[in-house]
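One structure below.
As a basis for the values below, the full set of heavy atoms in this structure was taken, side chains included, without hydrogen atoms, waters or symmetry mates. Just so you know, these numbers come straight off a predicted model, no measurement behind them. Residue numbers start at 1 and run along the sequence shown. Atoms within each ligand, like the ligands themselves, are counted from 1 in listed order.
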Amino acid sequence: MSSSKFNFKIHVFFLVASLARFEPSLGLYLGQRHVNIVNKLENHETLMIHCWQNSDDMGKRYLKYDEEFQSAFIDLFTFQHVNIECDMEFKDGDMTRRGHFLVYDSSHDVRTRECYKWCNWSVGTYGLYAYDEVDHKWDYEIPWPSNNRF
Ligand SMILES: *[C@@H]1O[C@H](CO)[C@@H](O)[C@H](O)[C@H]1NC(C)=O
């Protein structure tokens, strides 16, 4: 290997290593990401959650209050598209509420509250709340759909 090629590789290595350490506020994160969805239904009902990651069925789960669903992955941006969608259902009095939610997509923002390492969602009787890793607070993002369907 010529020494300039070698130097180039070293530079790329340090560039990637330093980018990977960027703080969330700088808008770039190359490490492992986590999508966590916690049941915080105010009526303490069980939440049914059934997610797919890039069409791979991640199975149906029943979460008690405070239990969570987790997915961890490396998002390589342009190299690999990551998409996570979930069906959710819970009992709201006499009715069953259902909804289909896009919780992560590497090709566009699915939430106004940004996330980098931890893409945490909290599910309540009014809908989904997202955790903002920059402002360190939860914010209401997506209501349960009015058509009540997956
Ligand atoms: C996000 O969820 C993970 C897993 O439960 C938890 O360890 C972490 O503290 C949460 N992050 C925030 C900022 O709430």
Notebook entry, point to check: Can you tell me if Lys91 and Thr96 form a side-chain donor-acceptor pair at under 3.5 Å?
Noted result: yes

Notebook entry, point to check: At what distance is the nearest protein heavy atom to atom 13 (C) of ligand 1, and which residue and atom is it?
Noted result: Tyr131 CE2, 2.9 Å

Next item on the list: Heavy-atom distances under 4.0 Å are what count here, so tell me which part of His136 touches ligand 1: side chain, backbone, both or neither.
Entry: neither

Notebook entry, point to check: Does any donor atom in the side chain of His50 or Asp57 lie under 3.5 Å from an acceptor atom in the other side chain?
Noted result: yes

Next item on the list: Could you name the option among His34, Lys117, Glu68 that has the heavy atom nearest to atom 5 (O) of ligand 1?
Entry: Glu68

Margin query: Is it true that Glu85 and His100 share a donor-acceptor pair across their side chains at a distance under 3.5 Å?
Written below: yes

Check: Do you know which of Tyr126, Phe150, Phe90 makes ring-ring contact (aromatic ring centres under 6.0 Å, His included) with Trp144?
Finding: Phe90

Next item on the list: Taking the six-membered ring of Tyr65 (Phe, Tyr or Trp), confirm whether the NZ or CZ of Lys40 is under 6.0 Å from its centre and within 45° of its axis.
Entry: yes

Checklist line | Exercise check, heavy-atom protein proximity under 4.0 Å to atom 9 (O) of ligand 1 | finding: no

Margin query: Does any N or O of ligand 1 fall below 3.5 Å from an N or O anywhere on Asn120, backbone included?
Written below: yes

